[in-house]
Amino acid sequence: MLTTVKKGGERQTEGREAGAHFVEVFERRLKRREVLQGLVVGGSALVLAGLGGCGRRSDAAVEPVTSLTFREIPHRLDETHHVAPGYRAEVLLRWGDPLFAGAPPFAPLAQSGAAQALQFGNNNDFIGYLPLAADSGADKAEHLASANSERGLLCVNHEHTRPHHMFPKPGAAAPGSTPVQIEADMAAHGHSVVEIEKRDGRWQVVLDSPYNRRITALTETRVSGPAAGHPRLRTAADPSGRKVPGTFANCSGGITPWGTVLTAEENFRHYFGGDTRAIEATHPREAQMHRRFDILQQSRHYWQRLEPRFNIEREPLEPNRYGWVVEIDPYDPAAPPIKRTALGRFQHEAATVVAEPGAPVVVYSGDDSPDEYIFRFVSAAAFDADNLENNRDLLDAGTLYAARFDDDGSGRWLPLRHGEPGLTAADGFASQADILIDARLAADAVGATRMDRPEDVETNPVTGRVYVSLTRNTERAATDAANPRARNLAGHILELSPPGTDGARDHLADEFRWEVFVLAGDPKAAGADRGRYGAGTSEHGWFCNPDNFAFDPRGRLWIATDGFVDFGVHDGLWAADTGGPGRALCKHFFGCPRGAELCGPCFTPDGKTLFLAVQHPGDEEGADFANPTTLWPDFKPGMPPRASVMAITKEDGGEIGA
Ligand code: FEO
Ligand code: CA
Ligand code: CA
């Protein structure tokens with residue numbers, strides 16, 4: 001088997017003998033587990049007992065092994081959303097909804113930056129929920145300790161926009177290209193903090209809350225950590241290299257136990273444009289990295305018309321100021337967002353925190369691009385659970401690692417530490433700042449494993465195992481056991497097991513075990529495209545292109561998809577046990593309106609509300625502002641489809657999925 005690695009920024013191909021073909025390894029592991037669980041019912045080595053249930057009708061009576069009690073919904077593709085029977089799915093916040101008392105109402109034909117900066121942004125992605133105690137005089141520690149599931153701060157990323165869906169065409173100009181539209185576009189990005197409260201069983205927005213806040217592509221942010229102030233972060237407008245206007249491309253994220261939100265800057269490349277050849281002589285490293293990030297001559301947005309810094313020929317270093325994890329304190333509306341450079345610069349999909357009192361903090365993150373890496377950050381100092389203020393700068397010092405997956409099911413976190421082999425000045429890294437700014441090159445140098453578009457990385461709060469979604473990778477040239485398809489159209493989910501036992505796993509250890517949890521795709525497909533799930537998965541339980549994850553308080557995995565629609569089925573939400581007889585038995589819970597992907601699954605601490613982010617409804621080939629394919633969620637003439645956060649509750653008020 002061949003494994004492709006990069007060294008010093010150049011692709012090289014090395015031969016490596018695999019212990020066994022991936023499919024055999026996967027089936028052997030699944031079979032061994034099922035033998036232990038008494039589930040193997042016979043059949044040849046190539047037929048998984050786990051697939052015996054595929055194709056059965058969806059009915060609780062034939063699904064006795066899973067802990068998830070809801071009745072599945074069928075695969076569909078239509079103009080609206082669908083949720084399992086017995087559940088309520090209500091729109092809580094839509095793109096353009098006012099977030100402040102006195103904010104203007106949404107006016108789709110006359111959007112402006114000033115109005116949008118007071119309204120909920122577009123294309124909601126990550127959702128975090130931070131509790132507010134019933135007593136408004138509580139301090140942050142008391143708010144967090146309250147675990148209040150009926151009043152809290154909803155912290156929502158606004159990842160991107162599609163200008164041709166967002167704006168009417170302004171005469172002969174391109175949608176999103178006029179100064180007013182560009183200002184509205186910039187204000188539709190970033191992040192929202194919104195106080196919400198459950199009254200009489202229904203969630204409401206608190207419009208006059210002092211916590212409500214919009215962070216946009218123009219909000220001033222600070223830069224901290226080892227790369228702050230580095231010459232490669234300095235620009236004409238910011239000679240300090242420590243003050244960056246705005247955050248955008250905010251995809252998924254994470255919540256810290258000290259009450260902050262981490263938002264991950266992902267596809268920042270789409271906002272920059274220019275010819276890298278023009279900066280080759282003066283900024284060779286930037287030219288190389290801008291190409292690696294796929295910054296093109298023509299950006300997707302028109303921001304450089306208002307701000308020339310988005311033209312890489314004018315300001316070659318500007319992209320170095322994006323692609324970071326940004327920390328926001330939603331309990332302090334005056335606190336500036338802070339870009340934490342110690343966590344590295346790449347297309348961060350998420351930032352998932354594991355913290356034990358008195359121990360260093362771990363943050364997991366995927367780099368969502370074909371053949372890029374999975375990263376782990378370990379803080380130098382320990383988490384102080386007694387004085388939350390002491391954790392304020394915890395993410396500014398520590399070690400960044402990239403993951404190597406070996407074909408025998410073992411894995412290793414490889415430190416990206418300046419001075420170590422491959423990471424010296426002679427290798428092109430003058431300092432730790434260079435390693436962090438060019439984390440992809442550093443991961444190449446240490447031989448980390450190139451992955452099939454790593455998206456979310458989430459930890460199971462019950463077992464401590466770590467789950468990684470690999471969305472797809474149609475560009476893979478050579479397979480390995482962790483990326484087993486040469487043309488991965490449907491994605492897969494890996495399960496990482498740090499040393500220890502369930503409930504007591506050591507996330508600080510440098511070694512781990514891993515296996516494939518789900519190979520997404522149609523279980524009836526032929527050859528390598530065939531999907532593989534736990535036994536009993538129904539004809540509606542399979543899915544493609546897993547993206548974001550959430551765990552409920554019982555440790556069940558909820559899987560949101562981005563790209564099942566390419567297979568003619570709505571994107572949506574599926575759920576599975578991660579252990580026991582229902583392990584990897586996937587059930588279909590929620591479906592999006594056509595053209596939308598699902599993001600941001602987030603449970604309240606009591607597991608009784610599930611927030612979902614329906615992103616870019618109606619984003620389909622040939623559709624635009626004038627010709628939408630759905631008017632979800634308003635279904636009113638003249639009102640475009642609007643990305644929205646939904647609150648899902650059980651009609652009987654109980655726990656979701658219980
Ligand atoms: Fe923003 Fe990788 O999804
Ligand atoms: Ca995502
Ligand atoms: Ca996505």
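Counting starts at 1 for both ligands and their atoms, in listed order. Since the structure is predicted, the reported quantities are computational estimates derived from the model, not experimental observations.
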Asker: Which class fits the ring pair Phe589 and Trp558: parallel under 30°, tilted 30 to 60°, perpendicular over 60°?
Answerer: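 Perpendicular: the ring planes of Phe589 and Trp558 meet at over 60°.
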Asker: Check the orientation of Trp203 and Phe611. Use parallel for under 30°, tilted for 30 to 60°, and perpendicular for over 60°.
Answerer: perpendicular
Asker: Identify, by name, the N, O or S atom of Glu349 lying closest to the Ca ion (ligand 2).
Answerer: OE2
Asker: Given Trp542, which of Tyr533, Phe564, Phe567 fulfils the ring pair (Phe, Tyr, Trp, His ring centres under 6.0 Å) condition?
Answerer: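 The single option meeting the ring pair (Phe, Tyr, Trp, His ring centres under 6.0 Å) with Trp542 is Phe564.
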Asker: Backbone or side chain, does Cys599 get an N/O/S atom under 2.8 Å to atom 1 (Fe) of ligand 1?
Answerer: no
Asker: With atom 1 (Fe) of ligand 1 as the reference point, give the N/O/S atom of Glu266 that is nearest.
Answerer: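 Nearest to atom 1 (Fe) of ligand 1 within Glu266's N, O and S set: OE1.
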Asker: Quick one: are Val261 and Phe126 in side-chain contact, heavy atoms under 4.5 Å?
Answerer: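 Yes, their side chains come closer than 4.5 Å.
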Asker: Test Phe375 against every option in Val457, Leu343, Leu400 by the side-chain contact (heavy atoms from CB on, under 4.5 Å) rule and name the one that passes.
Answerer: Leu400
Asker: Give me the number of protein N, O or S atoms whose distance to the Ca ion (ligand 3) is under 3.0 Å.
Answerer: 3
Asker: Report whether any nitrogen, oxygen or sulfur of Asp547 sits less than 2.8 Å from atom 1 (Fe) of ligand 1 (N, O or S, backbone or side chain).
Answerer: no
Asker: With atom 1 (Fe) of ligand 1 as the point of reference, which N/O/S atom of Glu159 is the closest?
Answerer: OE2
Asker: Just say parallel, tilted or perpendicular for the rings of His82 and His570, cut-offs at 30° and 60°.
Answerer: tilted
Asker: Who passes side-chain contact (heavy atoms from CB on, under 4.5 Å) against Asp634, sequence neighbours left out?
Answerer: Arg94, Lys636, Met639, Arg642
Asker: Please determine whether the number of non-hydrogen atoms from other residues, nucleotides or ligands lying under 6.0 Å from atom CZ of Arg487 exceeds 12.
Answerer: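 Not buried by this count: 12 neighbours or fewer within 6.0 Å.
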